[in-house]
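Below: the structure, in structure tokens.
Counting from 1, the numbers follow the sequence of the chain as shown. Everything numeric here is computed off the predicted structure, so don't read it as measured data.
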Amino acid sequence: MTAALSAHELIARHRSTLDQALEAIRTRAYWSPHPEHPKAYGENGSLDAAAGKTAFDALLGTRLDLGQPGTDDWVGGETSPYGLDLGVTYPHADLDVLLPAMKAGQRAWRDAGAEQRAVVCLEILKRISDRTHEFAHAVMHTSGQAFMMAFQAGGPHAQDRGLEAVAYAYVEQVRTPDNAEWTKPQGKRDPLAMTKQFTPVPRGIGLVIGCNTFPTWNGYPGLFASLATGNAVLVKPHPRAVLPLALTVQVAREVLAEAGFDPNLMALAAEHPGEGIAKTLALRPEIRIIDYTGSTEFGDWLEANARQAQVYTEKAGVNTVVVHSTSDYKGMLSNLAFSLSLYSGQMCTTPQNLLVPREGISTDQGPKSYDEVVADLAKSVDGLLGDDARANALLGAIVNPDVKARLEAAAGLGEVALASREIANPDFPGAVVRTPVIVKLDGAKPDAEAAYMSECFGPVSFAVAVDSAADAAELLRRTVREKGAMTVGAYTTDPEVEQDVREVCLEEAAQLSLNLTGGVYVNQTAAFSDFHGSGGNPAASAALCDGAFVANRFRVVEVRREA
């Protein structure tokens, strides 16, 4: 194919960004090339707020033709959690046509080498970044996130996670040199001399199974990790969140073609309502890598049945916060209130169980009983969400009826410390907006265990009374070991309690946040620095992002000959 973008041009354009990303993952310091503030866009080809909204509106009711082979029908049906019918239709693929077409371009993509693949990926990310405002509306109206969260998490933060995966992929591929001269002395005889070539080769086609709540943030790491390591990538979006990933595929296909590669290295697999093609795709022999975010049930099925593929899953967990003591009671309550409220608790990192000693905790405001701690936390959440405009900006919308049903059922599981209330959104009357519920449970009672030892995805939290700090640490250990956790939090001024909780997290491989009272929250992670998940407990089989997340997406093949 004729390249409109030469390798030299792409390297000149993006090599410095790649080098900065490599330095960031080495130092774990703060860095991002993608601006978080909406006003930063509108120059150098990027869309400002008005242009982004206009571009999104222009998509509604249209057919998104990606030009990919094997299209046998057009499918759609997305309805925004805010009540808007998107009306966008997407190509439905005949897999027996599409999958062979995707494999056809892998040889040239493999032979391009790690650096060229990396800078092509960075060009894709740059073009997505330029359309962040447009993507933000697409994420908002498929996930139910409030606009600012959709803008940041669905835009720059997702782009950072994609770039992070590219950086890790590059590091692992160049760890082995392209060529080596090998000489072994043989005493008085001539030495043995060999020349050796080492080539990273892709596994095959990578399948990305997208999620409803964070289509880009959760989708980009696997997508770019597979693409950067030489694999073609098939994106199977969640039926309720197709648009953000379809736009991503569209941009990727454009860049691949302009760079002289087969655009079919990236394709979309949209489905008819109820078709359930994820299972069909997962068992296809052409699929050699699977990235999945979603329920434990389907994640377990993938791990057990997709034996021909390397499977990376992010499933469900029961996230826990140990509340033992604090030197900033007000800050602790404020931090927890925000963590419980953000995006209506519809994050895989949102705390669910708050373990509080039944005799109470020590604070800078004096001793606080269990009842006082829970009541004060309820007041803090109420205060945070007391203004409806601010509440809408934090909560977003309930993403699907299952979350609403769990929220309503939670009130019957124990004593309600904070009742959920309905909030109207004047801009989107069709949105279902609810504040969090906090339910008090006695950790010593067997009937309460069924509630707090199960994930209740959504704005539901349990204040679990425990006998002591040691009891809290043991319950934390059992929860992570049996159910998994994406995040763990702890508040304590006691070094021994801190060490006990830390030891549990080290032994059970759970990411720990200690004594957060400011503007960093337990349910947020920063690309290039924080690990999202660990891959070491039942909540996820992979971490975003580490070397293990990328290294097994390719193998190194050696060709050797006598010198």
Side-chain angles (χ1 to χ4, degrees), residues 36-37 140 143-154 156-157 213-214 217 318-323 326-356 361 363-365 368 373-399 403 407 410 417-421 423 425 433-439 456-463 485-492 511-526 530 532:
E36 284 186 312
H37 201 285
M140 173 183 176
S143 70
Q145 296 175 29
F147 177 77
M148 185 54 72
M149 184 174 186
F151 182 92
Q152 293 184 338
H157 296 170
T213 49
F214 288 89
W217 198 99
V318 177
N319 301 317
T320 301
V321 177
V322 175
V323 182
T326 179
S327 59
D328 183 359
Y329 187 59
K330 182 179 179 182
M332 179 189 78
L333 295 174
S334 176
N335 192 280
L336 283 173
F338 188 92
S339 297
L340 300 182
S341 303
L342 185 62
Y343 184 33
S344 300
Q346 298 170 127
M347 303 172 69
C348 63
T349 51
T350 300
Q352 175 179 300
N353 293 344
L354 310 174
L355 309 186
V356 185
I361 70 172
T363 79
D364 57 319
Q365 297 182 18
K368 298 288 182 179
V373 171
V374 180
D376 289 344
L377 177 59
K379 289 177 186 175
S380 189
V381 174
D382 237 359
L384 177 68
L385 303 176
D387 176 75
D388 282 2
R390 181 167 60 181
N392 275 308
L394 278 175
L395 294 170
I398 298 297
V399 71
V403 175
L407 170 63
L418 175 66
S420 176
R421 67 183 179 90
I423 293 179
N425 186 321
V433 185
R434 299 288 188 276
T435 62
V437 62
I438 300 176
V439 178
C456 193
F457 185 76
V460 177
S461 294
F462 300 117
M486 296 299 293
T487 55
V488 172
Y491 291 90
T492 182
Q511 312 294 11
L512 173 63
S513 298
L514 285 167
N515 297 318
L516 300 183
T517 58
V520 175
Y521 304 95
V522 67
N523 42 353
Q524 297 174 321
T525 59
D530 295 323
H532 176 73

Checklist outcome for this item: Here the gap from Asn392 atom CG to Asn425 atom CG, rounded to the nearest 0.5 Å, amounts to 4.0 Å
Checklist entry - To the nearest 0.5 Å, how far apart are CD in Glu36 and CE in Met148? => result 10.0 Å
Checklist entry - Which of parallel (below 30°), tilted (30 to 60°) and perpendicular (above 60°) describes Phe338 and Tyr521? => result parallel
Checklist entry - Does the pair Asn319 and Val522 meet the rule for a side chain to side chain contact (heavy atoms under 4.5 Å, CB included), with working shown? => result CA-CA 10 Å; Asn319 301 317; Val522 67; over 6 Å; no
Checklist entry - Within a strict 4.5 Å, meaning less than it, do heavy atoms of the Val323 and Leu355 side chains meet? => result no
Checklist entry - At what distance, to the nearest 0.5 angstrom, does CG of Leu418 lie from NZ of Lys379? => result 12.0 Å
Checklist entry - Is the backbone N or O of Asp364 less than 3.5 Å from a side-chain atom of Asp328, with the two atoms forming a donor-acceptor pair by type? => result no
Next on the checklist: For a side chain to side chain contact (heavy atoms under 4.5 Å, CB included) check, start with the C-alpha distance between Thr525 and His157, then their side-chain angles and the critical distance, and finish with the verdict.
Outcome noted: CA-CA 9 Å; Thr525 59; His157 296 170; over 6 Å; no
Checklist entry - If every non-hydrogen atom of Tyr329 is compared with every non-hydrogen atom of Thr363, which pair is closest and at what distance? => result CD1-CG2, 3.5 Å
Checklist entry - How long is the span from the CG atom in Leu407 to the OG atom in Ser344, to the nearest 0.5 Å? => result 8.5 Å
Next on the checklist: Which heavy atom of Ala417 sits nearest to which heavy atom of Ala378, and what is that distance?
Outcome noted: O-CB, 3.6 Å
Next on the checklist: I'd like to know if the side chain of Asn353 reaches the main chain of Phe462, judged simply by a donor and an acceptor atom lying under 3.5 Å from each other, with no hydrogens or angles considered.
Outcome noted: no
Item to check | Nearest-0.5 Å distance that lies between atom CG in Leu354 and atom CG in Leu336 | outcome: 6.0 Å
Next on the checklist: Any side-chain to backbone donor/acceptor pair from Ser420 onto Thr435? Under 3.5 Å, distance only.
Outcome noted: yes
Checklist entry - Are side-chain N/O atoms of Asn523 and Tyr343 paired as donor and acceptor at under 3.5 Å? => result no
Checklist entry - Stepwise, does the side chain to side chain contact (heavy atoms under 4.5 Å, CB included) test hold for Thr492 with Val322? => result CA-CA 8 Å; Thr492 182; Val322 175; over 6 Å; no
Checklist entry - Are the side chain of Thr349 and the backbone N or O of Thr487 linked by a donor-acceptor pair below 3.5 Å? => result no
Checklist entry - Taking Gln346 for the side chain and Val399 for the main chain, is one N or O donor matched with an acceptor at less than 3.5 Å? => result yes
Item to check | Pro436 to Leu385 - nearest heavy-atom pair and separation | outcome: CD-CD1, 3.5 Å
Next on the checklist: Restricting to non-hydrogen atoms, name the atom on Leu340 and the atom on Pro351 that form the minimum distance, rounded to 0.1 Å.
Outcome noted: CD2-O, 3.6 Å
Checklist entry - Between Gln145 (side chain) and Thr213 (backbone), is there a donor-acceptor pair under 3.5 Å? => result yes
Checklist outcome for this item: Ser341 and Leu395 have their tightest heavy-atom pair at O-CD2, 3.3 Å
Next on the checklist: Angle between ring planes, Phe214 versus Trp217, binned at 30° and 60°: parallel, tilted or perpendicular?
Outcome noted: perpendicular
Checklist entry - Donor-acceptor pair, Asp388 side chain versus Ile423 backbone, under 3.5 Å? => result no
Checklist entry - What is the minimum heavy-atom distance between Val437 and Ala410, and which atoms define it? => result CG1-CB, 4.2 Å
Checklist entry - Hey, is the main chain of Leu384 close enough, under 3.5 Å, to the side chain of Arg390 for a donor-acceptor pair? => result yes
Checklist outcome for this item: In this structure, CE of Met332 is separated from OG of Ser327 (nearest 0.5 Å) by 10.5 Å
Item to check | Polar side-chain atom of Ser334 near backbone of Lys330 as donor-acceptor pair, under 3.5 Å | outcome: no
